[in-house]
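Taking it in order: structure first as structure tokens, then the write-up.
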Amino acid sequence: MKKKFTINKMPARLDFLQSLTGIILALFITGHIMFESTILVSNDAMYAMTQFFEGYYFFGERHPWIISVLASSILFIIIVHAILALRKFPSSYRQYKVMKEHTVRMNHHDTSLWVIQVVTGFAMFFLASVHLYIMIAQPEMIGPYASSDRMVSEMMWPLYLMLLFAVVIHAGVGIYRLILKWGLFEADQQKFMKQRRALLRTIMYFVVTLYLAVGVASLMRYIDIGTTHDYGDGERYHPQSEVEQGAEK
Ligand code: HEM
């Protein structure tokens, strides 16, 4: 009797799920950096963005729990993404040594990028958990003054700085590797492959630098507000228009 061959589709499915969760997280981070950078425009712009995520423009009142739900969903996606990635981590010291020797001997860009991804991914596991826990537990404490005060009084800025570098580099390298993996940037001829990869790497470095520049500038603005504004009485930020409306009533 002929032996029937069955192909195990599970590894491919898990790989696909890892790519999908990675893309969702990369899109989220792109949005996050943009929303966060509204503080560079003005306090009012960041205030309006916070109100938007609290559903104010849909329900006519603020519902900070929406931010808790959003942050919990992101945390869930990160956990799934990380569990799937763990399959590929070197699981013993011997495997780690082989990988390290391979990286040094080959001096191969893409292998080094994979190592960077493992290291930033590992760091993010701790750094992102702290940040997300705060967002889930205290969603009402977001705004130009409250966020800035957290950076300074609660000494969160070093954690944010490390998280910023880890997440932007991790996402940049991740998307670059994903594009190569799914063959989305391939040349017809083998001889052009190297040039294509080099071009893709240049684009990736450019985008990573841009995100880091915007992220660091926003962080500096929050620190500036946190150090110059006296938040001792805990009074929340309100735009001038709201203050005037309140005085008329
Ligand atoms: C729904 C989930 C999230 C919400 C609501 C959120 C919200 C915020 C807010 C309001 C700040 C300003 C500082 C503060 O108030 O403490 C901030 C900063 C920051 N967040 Fe998130 N965040 C979320 C998820 C994430 C994730 C998943 C990451 C990365 C893995 C991340 C990375 C950062 C970084 C790096 C900063 C520093 C800001 C900068 O440098 O521009 N956040 N986030």
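Numbering of ligands and ligand atoms starts at 1, following listing order. Source: prediction; values computed, not measured. Counting begins at 1 with the first residue of the sequence.
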> Residues two or more places apart in sequence or in another chain: which of them pass side-chain hydrogen bond (donor to acceptor under 3.5 Å, both in side chains) with T120?
Replying inline: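 side-chain hydrogen bond (donor to acceptor under 3.5 Å, both in side chains) list for T120, sorted by chain: H170.
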>> Going by the rule side-chain hydrogen bond (donor to acceptor under 3.5 Å, both in side chains), which residues pair with H229 if we only count those two or more places apart in sequence or in a different chain?
In response: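 H229 satisfies side-chain hydrogen bond (donor to acceptor under 3.5 Å, both in side chains) with no other residue.
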> Any idea which residues sit under 4.0 Å from ligand 1, heavy-atom distances?
Replying inline: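 Around ligand 1, where the cutoff is 4.0 Å for heavy atoms, the contacting residues are F28, I29, H32, E36, I67, L70, A71, I74, I78, A128, H131, L132, M135, I142, S147, R150, M151, Y160, L163, L164, V167, G215, S218, L219.
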>> Taking the ring of F35 and the ring of F53, is the distance between their centroids below 6.0 Å?
In response: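 Yes: the rings meet the under 6.0 Å criterion.
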> So which pairs with a foot in residues 48-74 pass salt bridge (Lys or Arg N to Asp or Glu O under 4.0 Å), sequence neighbours left out?
Replying inline: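 Of all non-adjacent pairs touching residues 48-74, those that pass salt bridge (Lys or Arg N to Asp or Glu O under 4.0 Å) are E54-R62.
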>> Is it true that Y145 and R236 share a donor-acceptor pair across their side chains at a distance under 3.5 Å?
In response: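 Y145 and R236 do not have a side-chain donor-acceptor pair below 3.5 Å.
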> Do NZ/NE/NH1/NH2 and the carboxylate oxygens of K9 and D15 come within less than 4.0 Å?
Replying inline: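 No.
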